[in-house]
Amino acid sequence: KSEVAELGSLLEKQDQAVTVLAEGQQRQTIMDRLKHPQESLHGNLSSRNFASSTRRKARARLEDDIRLISASELFDPTWYRTTYPDIGDQDPARHFALYGAYELRNPSAAFDSLQYHIANQDVTENAIPALMHYLRHGETDGRPIHPVS
């Protein structure tokens, strides 16, 4: 009986390892998909032409995103700063809008960005950060969210 129990335990560990590997592959695929819009945002924000309409639109969109994030109960700046100490003294909502949303960082314990993308392939296909999609469309559409596990 102990051999059967040991075999069962090994199979369970193997299943967990496969799940972790699959999730890691999904994470990388989603991050690759989000890379282009993030690079585009950063490129537009750092345009050398200070008067360009592209730069103005990018700045306005960023400020709108920051306001939307900051006003949401799904963004917890204290949790975000504690969970991701590498942000240092940066404003948590600004960091999330510029970097965290594209890196699949979670905005709070109540919202798992990776799980939102996994459950909503159209969001990934359209390269939209999870929380931004949820706040602008997903909540109204009745899309479920998952807490961070």
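The figures that follow rest on heavy atoms only: side chains count, while hydrogens, waters and symmetry mates do not.
Few gaps surround CD on Glu39; more than 12 heavy atoms of other groups in view lie less than 6.0 Å from it. More than 12 heavy atoms of other shown residues, nucleotides or ligands fall within 6.0 angstrom of atom NE2 in His42. Annotation: Arg143, atom CZ; neighbour count of heavy atoms from other residues, nucleotides and ligands within 6.0 Å is above 12.
Rounding to the nearest 0.5 Å gives a distance of 6.0 Å between NE2 of His146 and CD of Gln115. Rounding to the nearest 0.5 Å places CD of Gln28 at 10.0 Å from CD1 of Ile30. Rounded to the nearest 0.5 Å, atoms OG1 (Thr124) and CG (Asp122) are 8.0 Å apart. Interatomic distance, OG1 of Thr140 versus CG of Leu135, reported as 9.5 Å (0.5 Å rounding). The distance from the CG atom of Leu104 to the CZ atom of Arg27 is 5.5 Å, given to the nearest 0.5 Å. Taken to the nearest 0.5 Å, the CG atom of Asp65 stands 8.0 Å off from the CG atom of Leu41.
The two residues Met31 and Glu103 make their nearest non-hydrogen contact at SD-O, 3.9 Å. Closest of all the heavy-atom pairs between Leu74 and Ala110 is CD2-CB, 4.0 Å. Taking both residues in full, the closest heavy atoms of Leu62 and Ala97 are given as CD1-CB, 3.7 Å, listed atom of the first, atom of the second, then distance. Closest approach of Asp112 and Pro147 over heavy atoms only: CB-O, 3.9 Å. The minimum heavy-atom distance linking Ala130 with Ser113 is given by the pair CB-O, 3.7 Å. Pairing each heavy atom of Asn106 with each of Trp79, the nearest pair is O-CZ3, 3.0 Å.
Salt bridge status for Arg94 with Glu63: present, with a side-chain N to carboxylate O gap under 4.0 Å. Classification of Asp64 and Lys57 as a salt-bridged pair fails, no side-chain N sitting under 4.0 Å from a carboxylate O.
Taking the six-membered ring for Trp and thresholds of 30 and 60 degrees, Tyr80 and Phe96 have ring planes more than 60 degrees apart, a perpendicular arrangement.
Counting only distance, with no hydrogens or angles, the side chain of Gln121 and the backbone of Ile118 share a donor-acceptor pair below 3.5 Å. Counting only distance, with no hydrogens or angles, the side chain of Arg81 and the backbone of Asp76 share no donor-acceptor pair below 3.5 Å.
Contact of the His137 side chain with the Ile128 side chain is not registered, since no non-hydrogen atoms from C-beta on lie closer than 4.5 Å. Residues Leu45 and Leu98 have side chains in contact (heavy-atom distance under 4.5 Å, counting atoms from C-beta outward).
Among residues two or more places apart in sequence or in another chain, the side chain to side chain contact (heavy atoms under 4.5 Å, CB included) test is passed with Ala93 by Ile66, Ile69, Ser70, Phe75, Asp91.
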Item to check | From CA spacing to verdict: side chain to side chain contact (heavy atoms under 4.5 Å, CB included), Gln90, Tyr99 | outcome: CA-CA 11 Å; Gln90 295 180 64; Tyr99 305 101; 4.3 Å; yes

Item to check | Evaluation steps, side-chain hydrogen bond (donor to acceptor under 3.5 Å, both in side chains), between Tyr116 and His133 | outcome: CA-CA 10 Å; Tyr116 189 80; His133 179 272; 2.8 Å; yes

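Under the 4.5 Å side-chain contact rule for hydrophobic residues, Phe111 and Met132 share a cluster.
Among Arg33, Gln38, His36, the one residue that satisfies the side chain to side chain contact (heavy atoms under 4.5 Å, CB included) test with Tyr102 is Gln38.
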